Amino acid sequence: MKIYDTLSQKIREFHPLDDNKVKMYVCGPTVYDYPHLGHARCYITWDVVSRYLRFKGYDVTYVRNITDVDDKIINRARENNLTPKELATTYYKEFQKAMEALNVAPPDIEPKATETIEDMIKIIKKLEEKGYAYASEGDVYFRVSKFKKYGRLGKQSIDDLQSGARVEASDKKENPLDFALWKAIKTENEISWDSPWGKGRPGWHIECSAMSEKYLGEQIDIHAGGQDLIFPHHENEKAQSEACFDKDFVNFWMHNGFVTTNNEKMSKSLGNFLTINDLLEKYDANTIRLFILTNHYRMPVEFADESLKAAKNGVKRLKNAFEDIKNTVGEEKIKEAEKLITPIIDEIVKTGQLPFHKIDTVQDIEEIIPASLMENCIKNLKYFITAMDEDFNTSKALSVLFDIASCAQKTRESKNPEASAFCLALLLKLASVLGFDLTKSESLNDELSSQLMELVISIRQKAREEKNWAMSDFIRDELGKLNIVLKDQKDKPTIWSIQD
RNA sequence: GGCGACAUGGCCAAGUGGUAAGGCAGGAGUCUGCAAAACUCUCAUCCCCAGUUCAAAUCUGGGUGUCGCCUCCA
């Protein structure tokens with residue numbers, strides 16, 4: 001598979017550094033406010049990347065940190081009369097809640113900056129010993145001029161940066177470009193830790209160098225985050241880690257594009273952001289995910305209500321495939337189909353070939369699934385893999401889901417329940433690789449409501465038998481107002497579902 | 001000023017030099033008591049100009065427009 005690497009600005013063939021183990025580090029949020037759509041885009045993207053790498057058989061260790069100490073947290077806490085820890089905890093919980101609601105799988109390890117201070121100090125000390133860092137009035141700065149490769153990731157030359165003069169000049173720094181590894185306390189009662197340079201707290205960039213090394217080692221396969229982190233954050237991380245460990249820090253730097261509104265980046269500083277909570281009131285996790293994944297992860301995504309609505313209807317189509325087929329063939333058949341297709345998917349992912357050596361399995365399947373349909377499923381599966389192998393082309397991959405859904409519906413109509421279930425099983429599997437859950441549906445949460453619902457349906461059925469269309473349509477319309485949608489089926493009981 | 005992107009149908013969007021995936025919306029039909037869902041059919045020559053080539057949305061050059069980074073940001 002191929003992945004675009006920001007450093008080389010090229011799409012390169014991906015090979016893990018160590019066997020099939022993938023070490024992946026994603027820069028997590030600074031928890032000082034509600035997470036917004038930009039965060040959703042970012043973490044959905046890396047969620048899909050980690051899911052797909054696992055689907056491909058890689059042994060992924062996914063680390064995503066939480067920045068729980070920094071200027072913004074400290075200031076915001078002060079404004080609200082809270083300790084930084086209290087504020088960070090509040091918004092960390094909000095973040096977790098949002099991720100769960102978006103069906104973003106938790107990372108394997110989620111370290112917090114405040115729990116990694118010791119490790120940061122170790123790195124800073126080493127950098128100081130090696131001459132890459134210097135202490136100045138209790139602060140410690142990274143000596144940018146000593147690190148020759150500085151600026152390569154962000155494509156900035158030190159000269160240009162210096163003439164840019166947007167960096168904060170300070171008497172404490174040898175060079176305006178030098179950045180803080182450690183910041184001394186200014187007042188006695190602010191949050192701080194003891195260090196060889198006195199009481200203080202870490203600079204922003206050092207935490208990722210430390211957490212990455214602590215949980216994944218000195219070299220990692222993938223380091224990801226939003227495009228806005230390329231410079232200076234990732235540039236600085238890279239400088240610190242490589243200066244400290246004398247090794248290339250990261251094999252593939254990956255960065256996702258922004259969410260924009262009115263053609264402008266959605267960000268906290270611009271105040272034009274839409275929180276995930278607000279969004280979830282109107283659209284569900286699948287819809288938000290489809291909206292995001294229709295765009296390639298490196299392209300900007302323009303937020304528009306119309307696009308979300310389009311995504312919502314798209315999700316409905318995929319979910320209808322599941323619901324229609326479940327109602328026609330039953331859940332048992334779908335489970336059986338899942339058992340049939342799993343070894344096929346595994347084998348194609350691994351070898352690109354059908355498992356011909358497992359003759360028995362193939363013969364069993366041939367008796368149930370028509371060859372042409374089988375061929376179509378395999379074609380789609382391979383197309384999905386090819387698309388995702390090309391730097392995670394989710395937009396292309398999604399077209400496969402729609403094709404399989406349509407295929408499943410067609411076979412359902414042609415009354416081939418096994419074949420239909422087989423397509424559906426493939427759909428569910430590939431959808432889950434992209435983080436969709438098509439099986440989850442709104443349901444009535446208590447027994448009595450369900451029973452009443454059955455009663456209403458049977459009353460309407462009586463009316464229909466008596467050709468009392470006025471009554472039966474009235475019931476259907478009124479239920480519609482409650483977001484309950486009825487589907488009459490020929491020779492089968494009416495089915496209903498709750499749609500948001 | 002430096003660096004990096006983007007410009008494809010009504011909207012969103014993929015596109016690896018050989019003749020435009022997919023989704024949404026729209027139109028026509030099948031099914032249905034009517035709906036809904038589903039199914040079938042239908043709907044573009046790719047910002048402008050020049051060049052390379054037998055052949056370009058895809059490569060080169062020049063425009064025009066939009067965005068991002070260079071300061072906290074996913």
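For clarity, every value in this text was computed on a predicted model and none was experimentally measured.
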Taking the same atom, [atom1], in [N] and in [M], what whole-Å distance lies between them?
N: A5(B); M: C41(B); atom1: C1'; answer: 40 Å
N: U30(B); M: A35(B); atom1: P; answer: 11 Å
N: U64(B); M: C48(B); atom1: C1'; answer: 7 Å
N: G26(B); M: G18(B); atom1: C1'; answer: 32 Å
N: C6(B); M: G61(B); atom1: P; answer: 14 Å
N: G63(B); M: A25(B); atom1: P; answer: 42 Å

Problem set entry | Pair of N/O donor and acceptor under 3.5 Å linking A74(B) base with Arg41(A) side chain | no
Select base, sugar-phosphate, or nothing to describe what [X] touches, counting heavy atoms under 4.0 Å on all strands.
X: Arg464(A); value: base
X: His296(A); value: sugar-phosphate
X: Glu306(A); value: sugar-phosphate
X: Ser406(A); value: sugar-phosphate
X: Gly480(A); value: nothing
X: Arg460(A); value: base
X: Val259(A); value: base
X: Lys410(A); value: sugar-phosphate

Watson-Crick or G-U wobble partner of [N], both distances under 3.5 Å:
N: A74(B); value: none
N: G68(B); value: C3(B)
N: C24(B); value: G10(B)
N: C39(B); value: G29(B)
N: C46(B); value: none
N: U53(B); value: none
N: C34(B); value: none

Between [X] and [Y], is any side-chain donor less than 3.5 angstrom from a side-chain acceptor?
X: Glu207(A); Y: Thr116(A); answer: no
X: Glu302(A); Y: Thr260(A); answer: yes
X: Asp108(A); Y: Thr61(A); answer: no
X: Asp437(A); Y: Asn103(A); answer: no

Exercise. Going by number, which of residues 224-237 of chain A have a non-hydrogen atom under 4.0 Å from RNA chain B?
Worked result: Gly225(A), Gly226(A), Asp228(A), Leu229(A), Phe231(A), Pro232(A)
For this session: Could you list by number each residue of residues 262-278 of chain A showing a heavy-atom separation from RNA chain B of less than 4.0 Å, or answer none if no residue does?
Result: Asn263(A), Glu264(A), Lys265(A), Met266(A), Ser267(A), Lys268(A), Ser269(A)
Can you tell me how the ring of [X] sits relative to the ring of [Y], calling it parallel under 30°, perpendicular over 60° and tilted otherwise?
X: Phe179(A); Y: His205(A); result: perpendicular
X: His223(A); Y: Tyr25(A); result: tilted
X: His255(A); Y: His234(A); result: tilted
X: Phe55(A); Y: Tyr52(A); result: tilted

Atom pairs under 3.5 Å, N or O on each side, protein against nucleotides 3-6 of chain B: can you list them with distances?
residue	atom	partner	partner atom	Å
C3(B)	O2'	Lys155(A)	O	3.4

Exercise. Which comes earlier along RNA chain B counting from the 5' end, the contact point of Lys309(A) or that of Leu486(A), where each point is its nearest nucleotide?
Worked result: Lys309(A)
Exercise. If each of Ser395(A) and Cys407(A) is mapped to the nucleotide of RNA chain B with the nearest heavy atom, which maps nearer the 5' terminus, i.e. the 5' end?
Worked result: Ser395(A)
Exercise. Do Arg317(A)'s NZ or CZ and the ring of Phe402(A) fall within the cation-pi criteria of under 6.0 Å and 45°?
Worked result: no
Rounding to a whole Å, what distance do you find between [X]:[atom1] and [N]:[atom2]?
X: Leu308(A); N: C11(B); atom1: CG; atom2: P; answer: 18 Å
X: Phe402(A); N: A38(B); atom1: CZ; atom2: P; answer: 11 Å
X: Lys382(A); N: A21(B); atom1: NZ; atom2: C1'; answer: 19 Å
X: Glu466(A); N: G33(B); atom1: CD; atom2: P; answer: 17 Å
X: Phe179(A); N: C72(B); atom1: CZ; atom2: P; answer: 11 Å
X: Asp305(A); N: A25(B); atom1: CG; atom2: C1'; answer: 15 Å

Among [options], which nucleotide has an atom closest to any side-chain atom of [X]?
X: Asn393(A); options: G15(B), G22(B), C24(B); result: G15(B)
X: Asn256(A); options: G22(B), C12(B), A74(B); result: A74(B)
X: Arg317(A); options: A35(B), C39(B), A37(B); result: C39(B)
X: Asn295(A); options: G15(B), C12(B), G33(B); result: C12(B)
X: Tyr43(A); options: A74(B), A13(B), C34(B); result: A74(B)
X: Asn320(A); options: A74(B), A38(B), C39(B); result: A38(B)
X: Phe258(A); options: A38(B), A14(B), G68(B); result: G68(B)
X: Asp488(A); options: C34(B), A38(B), C24(B); result: C34(B)
X: Asp473(A); options: C24(B), G22(B), G33(B); result: G33(B)

Exercise. What do the steps show when you test Phe95(A) against Tyr92(A) for ring pair (Phe, Tyr, Trp, His ring centres under 6.0 Å), and what is the final call?
Worked result: CA-CA 5 Å; Phe95(A) 177 73; Tyr92(A) 169 55; 7.2 Å; no
Problem set entry | The single option from Ile288(A), Thr287(A), Asp284(A) passing side-chain contact (heavy atoms from CB on, under 4.5 Å) against Leu279(A) | Ile288(A)
Problem set entry | Partner of Val144(A) under side-chain contact (heavy atoms from CB on, under 4.5 Å), chosen from Asn175(A), Asn236(A), Asp178(A) | Asp178(A)
For this session: Check whether the ring centres of Tyr32(A) and Tyr91(A) lie less than 6.0 Å apart, and answer yes or no.
Result: no
Exercise. Out of Thr6(A), Thr45(A), Asp391(A), Asn256(A), which one pairs with Arg298(A) under the side chain to side chain donor-acceptor pair (under 3.5 Å) rule?
Worked result: Asp391(A)
Exercise. Does Asn272(A) reach the main-chain N or O of Ser267(A) with its side chain, forming a donor-acceptor pair under 3.5 Å?
Worked result: yes
